[in-house]
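Everything below concerns the one structure shown next.
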Amino acid sequence: MAEPLDASQAQRERLAFLELRAFFTGELRRSDIEARFGIKPAASSRDLALYREIAPDNLEYDAVGRCYRPSSSFAPVFEFNPDRVLAWLLQGFGDGLDLSLKQAAPCEGPGQLTRPDMQVLGSITRSMCAKRATRITYMSLSSGSKRREIVPVALADNGLRWHVRAFDRERGRFGDFVLTRISRVQDIEGEAEERELLGADEQWARMVEMELAPHPGIEHPKAIEADYGMHDGVLRIKARAALAGYVLRRWNVDASPDHRLDHSIHHLWLRNPQTLYGVESAALAPGQREVLESAVIG
């Protein structure tokens, strides 16, 4: 059997991409390799032939879909670093180059990564790309370990850990599931309904513009303006409604209308808290839980 090390550095990179693409999206075409590396069809055919020589049981050809798919006995040849995989999914498969390549799966987030299990992540992203539901075992803080049927639609990084945005069939709505709490993933055959897919997720589609200003309690606000490169004392940022609460929590922004939180901890204040009206994730923002609770009581 041939070894990946027998190939040139450039070809090893293409083989690694080939395997990554097949495993995490569930399909691979020669054109994927050609678009990513700018090579001719003959070269991509040689790469596929070498990979199949190295790992003859990993890929199966789907004549209907005209693509290669990972087999049920797929065993990765390359050991992928979880940080790199998540960065690839977040930024595309261009290794930081602006190649105008389409993302493998919808995936957005502001930064820090956790380390979910790669088998779980691969199962989730393949279901996402195929628009299929999946049955998972999920460990939640409220109900412990429980079987759930979800339709994964996007990945999201909240700054502390990775979530999968998914339609929860039990609750009949979209929600967030922490990737590291998912185990025992099982595919469910057949495509999901339109109401369960990303296009139907209103919180994901809605963009929220937030105006961040130095907390009014700070004696020298110019220091905070310098920290964040503010113009005219404000920093305007946009985020999906599904992620807005995570963004505000990550940056410790006081989102209370009367800036009641301690300015020594919360250097930023949300100057336009009304923008969070109807934003489900707002409950995660500092100072917003009290606002929501008082609204319910009122």
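The structure presented is a predicted model; accordingly, all values stated were derived computationally and were not measured.
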Atom pairs and distances, side-chain donor-acceptor, residues 127-142, under 3.5 Å, sequence neighbours left out:
{"unit_1": "Ser127", "atom_1": "OG", "unit_2": "Ser123", "atom_2": "O", "d": "3.1"}
{"unit_1": "Ser127", "atom_1": "OG", "unit_2": "Asp187", "atom_2": "OD1", "d": "3.2"}
{"unit_1": "Arg132", "atom_1": "NH2", "unit_2": "Asp187", "atom_2": "OD2", "d": "3.3"}
{"unit_1": "Thr134", "atom_1": "OG1", "unit_2": "Gln186", "atom_2": "O", "d": "3.0"}
{"unit_1": "Arg135", "atom_1": "NH2", "unit_2": "Glu149", "atom_2": "OE2", "d": "2.9"}
{"unit_1": "Thr137", "atom_1": "OG1", "unit_2": "Arg147", "atom_2": "NH1", "d": "3.0"}
{"unit_1": "Tyr138", "atom_1": "OH", "unit_2": "Val178", "atom_2": "N", "d": "2.9"}
{"unit_1": "Ser140", "atom_1": "OG", "unit_2": "Ser143", "atom_2": "N", "d": "3.0"}
{"unit_1": "Ser140", "atom_1": "OG", "unit_2": "Ser143", "atom_2": "OG", "d": "2.7"}

Exercise answer: donor-acceptor pairs, residues 222-230 side-chain atoms, under 3.5 Å, sequence neighbours excluded:
none

Which atom pairs, one a donor and one an acceptor, fall under 3.5 Å between side chains of residues 69-77 and the rest of the protein, sequence neighbours left out?
{"unit_1": "Arg69", "atom_1": "NE", "unit_2": "Asp62", "atom_2": "OD2", "d": "2.8"}
{"unit_1": "Arg69", "atom_1": "NH1", "unit_2": "Gly26", "atom_2": "O", "d": "3.1"}
{"unit_1": "Arg69", "atom_1": "NH2", "unit_2": "Asp62", "atom_2": "OD2", "d": "3.3"}
{"unit_1": "Ser71", "atom_1": "OG", "unit_2": "Asp57", "atom_2": "O", "d": "2.5"}
{"unit_1": "Ser71", "atom_1": "OG", "unit_2": "Asn58", "atom_2": "O", "d": "3.3"}
{"unit_1": "Ser71", "atom_1": "OG", "unit_2": "Ser73", "atom_2": "N", "d": "3.4"}
{"unit_1": "Ser71", "atom_1": "OG", "unit_2": "Ser73", "atom_2": "OG", "d": "3.3"}
{"unit_1": "Ser71", "atom_1": "OG", "unit_2": "Phe74", "atom_2": "N", "d": "3.4"}
{"unit_1": "Ser73", "atom_1": "OG", "unit_2": "Asp57", "atom_2": "O", "d": "3.4"}

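Interatomic distance, CD1 of Ile124 versus CG of Leu179, reported as 6.5 Å (0.5 Å rounding). Here the CZ-CG distance, from Arg165 to Leu243, works out to 7.5 Å after rounding to the nearest 0.5 Å. In this structure, the separation between CG on Leu59 and CD on Glu19 is 8.5 Å, given to the nearest 0.5 Å. Rounding to the nearest 0.5 Å places NE2 of His267 at 9.0 Å from CG of Asp262. Distance check: Thr275 OG1 to Tyr277 OH gives 13.0 Å after rounding to the nearest 0.5 Å. Atom OG of Ser45 sits about 12.5 Å away from atom CG of Leu50, to the nearest 0.5 Å.
Applying the side chain to side chain contact (heavy atoms under 4.5 Å, CB included) criterion to Lys238, with sequence neighbours excluded, gives Met207, Glu209. With sequence neighbours left out, the side-chain hydrogen bond (donor to acceptor under 3.5 Å, both in side chains) criterion links Asp47 to Gln11, Arg14.
Annotation for Glu79: atom CD does not count as buried by contact number, only 12 or fewer foreign heavy atoms lying within 6.0 Å.
Judged purely by distance below 3.5 Å, without hydrogens or angles, the side chains of Tyr246 and Asp176 pair a donor atom with an acceptor atom.
Taking the six-membered ring for Trp and the full ring otherwise, Phe23 and Phe80 have centroids separated by 6.0 Å or more.
Between Glu27 and Arg21 no salt bridge is recorded (no basic side-chain N to carboxylate O distance below 4.0 Å). In this structure, Glu170 pairs ionically with Lys146, as a charged nitrogen and a carboxylate oxygen lie closer than 4.0 Å. Between Asp168 and Arg173 no salt bridge is recorded (no basic side-chain N to carboxylate O distance below 4.0 Å).
The two residues Arg12 and Phe78 make their nearest non-hydrogen contact at O-CZ, 3.9 Å. For the pair Pro273 and Pro257, the tightest heavy-atom approach, listed with the atom from each and the gap, is CG-CA, 3.9 Å. Considering all non-hydrogen atoms of both residues, Ala255 and Gln288 come closest at O-NE2, 3.0 Å. The two residues Met118 and Pro82 make their nearest non-hydrogen contact at CE-CB, 3.6 Å. When all heavy atoms of Phe174 and Leu197 are compared, the closest pair comes out as CZ-O, 3.3 Å. When every heavy atom of Pro286 is checked against every heavy atom of Leu248, the shortest pair comes out as CD-O, 3.8 Å.
Of the possible donor and acceptor atoms, none in the side chain of Glu196 sits under 3.5 Å from a partner among the backbone N and O of Arg169. Of the possible donor and acceptor atoms, one in the side chain of His266 sits under 3.5 Å from a partner among the backbone N and O of Asn252. Thr25 places no side-chain N or O within donor-acceptor distance of the main-chain N or O of Ala22, the cut-off being under 3.5 Å. A distance-only check finds a donor-acceptor pair linking the side chain of His215 to the backbone of Gly217 [under 3.5 Å]. Put simply, the side chain of Ser281 gets close to the backbone of Gly245: a donor and an acceptor are under 3.5 Å apart. Here the side chain of Asp254 pairs a donor or acceptor atom with the backbone of Leu261 at under 3.5 angstrom.
In the hydrophobic cluster analysis, where Ile, Leu, Val, Met, Phe, Trp and Tyr join through side-chain heavy atoms closer than 4.5 angstrom, Leu121 is grouped together with Leu28. Residues Leu270 and Leu268 fall within the same hydrophobic cluster, defined by Ile, Leu, Val, Met, Phe, Trp and Tyr side chains chained together at heavy-atom separations under 4.5 Å. Residue Leu212 is not grouped with residue Trp269 when hydrophobic side chains (ILVMFWY) are merged at heavy-atom distances under 4.5 angstrom, including chains of intermediate members.
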| Derivation and outcome, side-chain contact (heavy atoms from CB on, under 4.5 Å), residues Arg236 and Val234 | CA-CA 6 Å; Arg236 293 179 173 84; Val234 65; 3.2 Å; yes
| query | How far apart are the C-alpha atoms of Asn158 and Arg249, what are their side-chain angles, what is the distance that settles it, and do they pass the side-chain contact (heavy atoms from CB on, under 4.5 Å) test? | reply | CA-CA 9 Å; Asn158 72 359; Arg249 184 170 68 175; 3.9 Å; yes
| said: Let's go through Trp204 and Val153 carefully: what are the C-alpha distance in whole Å and the side-chain angles of both, what is the deciding distance for side-chain contact (heavy atoms from CB on, under 4.5 Å) to 0.1 Å, and is it a yes or a no? | reply: CA-CA 10 Å; Trp204 184 267; Val153 296; over 6 Å; no
| request: Would you check, one step at a time, whether the test side-chain contact (heavy atoms from CB on, under 4.5 Å) holds for Glu211 with Ile237? | output: CA-CA 7 Å; Glu211 298 177 358; Ile237 61 173; over 6 Å; no
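For residues 44-71, the set of pairs meeting the ring-ring contact (aromatic ring centres under 6.0 Å, His included) definition, not counting sequence neighbours, comprises Tyr61-Tyr68.
Between Phe37 and Phe17, some side-chain heavy-atom pair lies under the 4.5 Å cut-off. In this structure, the side chains of Phe167 and Ile150 stay at 4.5 Å or more apart for every pair of heavy atoms.
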